[in-house]
Amino acid sequence: MGILQAGDTAPTFALMDQGGTLVHLEDYAGHKLLVYFYPKADTPGCTTQSCAVRDAREDLRGLGVDIVGVSPDAPEDQASFDRKFSLGFPLLSDPDHAVAGAWGVWGEKSMYGKTYEGIVRSSFLVDEDGKILETFYKVAPTATVPQAQRALQALS
């Protein structure tokens, strides 16, 4: 798991979204992008995180920031999650966790004393040229939006 830092080139991706569209990092060239990784759709922490991002979507868009969420869930599970909570932005399916690995968010986790591999909840701000502006590893579900907003304010 290689950790990304501000100034690094964002690892490229081409992942299927909840509607069956192949989404590429390059699709967002010319825009800032908030990329957030979450472990599993429609679980309590991931719902809290995704709904907070949904609620801030217009504010972020006003700052020129697009949003994508990424998890190992299948596109149909992402679609169900999107419908249930009216998220309204691309939820990308990374079933083999290759993109999560490239972004440094696939790693060892533990729950109830059991160790396993999974998504380490994290988010990233990417600039218009595909460079990492800010990284937030091991972010709390409620902290994704405030951390991104603080970083964007600091950049302006």
N/O donor-acceptor pairs under 3.5 Å from side chains in residues 57-67, not counting sequence neighbours:
unit_1 : atom_1 : unit_2 : atom_2 : d
Arg57  : NH1    : Leu87  : O      : 2.2
Glu58  : OE2    : Arg61  : NH1    : 2.9

Can you give each donor-acceptor pair under 3.5 Å made by side-chain atoms of residues 125-134, sequence neighbours left out, with the distance rounded to 0.1 Å?
unit_1 : atom_1 : unit_2 : atom_2 : d
Asp127 : OD1    : Asp129 : N      : 2.8
Asp127 : OD1    : Gly130 : N      : 3.0
Asp127 : OD1    : Lys131 : N      : 2.8
Glu128 : OE2    : Lys32  : NZ     : 2.9
Lys131 : NZ     : Thr9   : OG1    : 2.9

Output a table of donor-acceptor pairs, distance under 3.5 Å, between side-chain atoms of residues 16-31 and any protein atom two or more places apart or on a different chain; print 'none' if there are none.
unit_1 : atom_1 : unit_2 : atom_2 : d
Asp17  : OD1    : Gly19  : N      : 2.8
Asp17  : OD1    : Gly20  : N      : 3.1
Asp17  : OD1    : Thr21  : N      : 2.9
Gln18  : OE1    : Leu91  : N      : 2.7
Gln18  : NE2    : Asp82  : OD2    : 3.0
Gln18  : NE2    : Phe89  : O      : 2.9
Glu26  : OE1    : Thr12  : OG1    : 3.4
Glu26  : OE2    : Thr12  : OG1    : 2.6
Asp27  : OD2    : His24  : N      : 2.8

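With Ser122 contributing its side chain and Val120 its backbone, the two residues share a donor-acceptor pair below 3.5 Å. At least one donor-acceptor pair under 3.5 Å links the side chain of Tyr137 to the backbone N or O of Leu4. Side chain of Arg54 to main chain of Phe85: a donor-acceptor pair is present (N/O by atom type, distance under 3.5 Å, no hydrogens or angles).
Atom CG of residue Asp94 and atom CG of residue Asp73 lie 10.5 Å apart, to the nearest 0.5 angstrom.
At least one side-chain heavy atom of Ser93 sits under 4.5 Å from a side-chain heavy atom of Pro75. Contact check for Trp103 versus Val35: side-chain heavy atoms found under the 4.5 Å cut-off. The shortest side-chain heavy-atom distance between Pro39 and Cys46 falls under the 4.5 Å cut-off.
The side-chain contact (heavy atoms from CB on, under 4.5 Å) search around Asp55 returns none, not counting sequence neighbours. For the side-chain contact (heavy atoms from CB on, under 4.5 Å) test, no residue two or more places apart in sequence or in another chain qualifies with Ala6.
Leu33 and Val70 fall within the same hydrophobic cluster, defined by Ile, Leu, Val, Met, Phe, Trp and Tyr side-chain heavy atoms under 4.5 Å apart, directly or through other members. At a threshold of 4.5 Å between side-chain heavy atoms, the hydrophobic network of Ile, Leu, Val, Met, Phe, Trp and Tyr places Leu34 and Leu15 in two separate groups. Under the 4.5 Å side-chain contact rule for hydrophobic residues, Ile119 and Val99 share a cluster. Both Phe13 and Trp106 belong to a common hydrophobic cluster when Ile, Leu, Val, Met, Phe, Trp and Tyr are linked at side-chain heavy-atom distances under 4.5 angstrom. Under the 4.5 Å side-chain heavy-atom criterion for Ile, Leu, Val, Met, Phe, Trp and Tyr, Val53 and Phe81 are members of the same hydrophobic cluster.
A pairwise comparison of heavy atoms in Phe136 and Ala151 identifies CZ-CB, 3.9 Å as the closest pair. When all heavy atoms are compared, the tightest approach of Gly104 to Ile3 is O-CD1, 4.2 Å. Looking at every heavy atom in both residues, Gly45 comes nearest to Pro141 through O-CB, 3.3 Å. Here the closest non-hydrogen pair linking Ala102 and Pro11 is O-CG, 3.4 Å.
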Checklist entry - Going through the distances and angles, do Gln78 and Ser71 end up as a side chain to side chain contact (heavy atoms under 4.5 Å, CB included)? => result CA-CA 9 Å; Gln78 301 281 34; Ser71 80; 3.0 Å; yes

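The aromatic rings of Phe124 and Phe37 lie perpendicular to each other, with more than 60° between the two planes, well past the 30° mark.
Note on residues 44-53: pairs passing side-chain hydrogen bond (donor to acceptor under 3.5 Å, both in side chains), not counting sequence neighbours, are Tyr36-Ser50, Gln49-Arg121, Gln49-Thr144.
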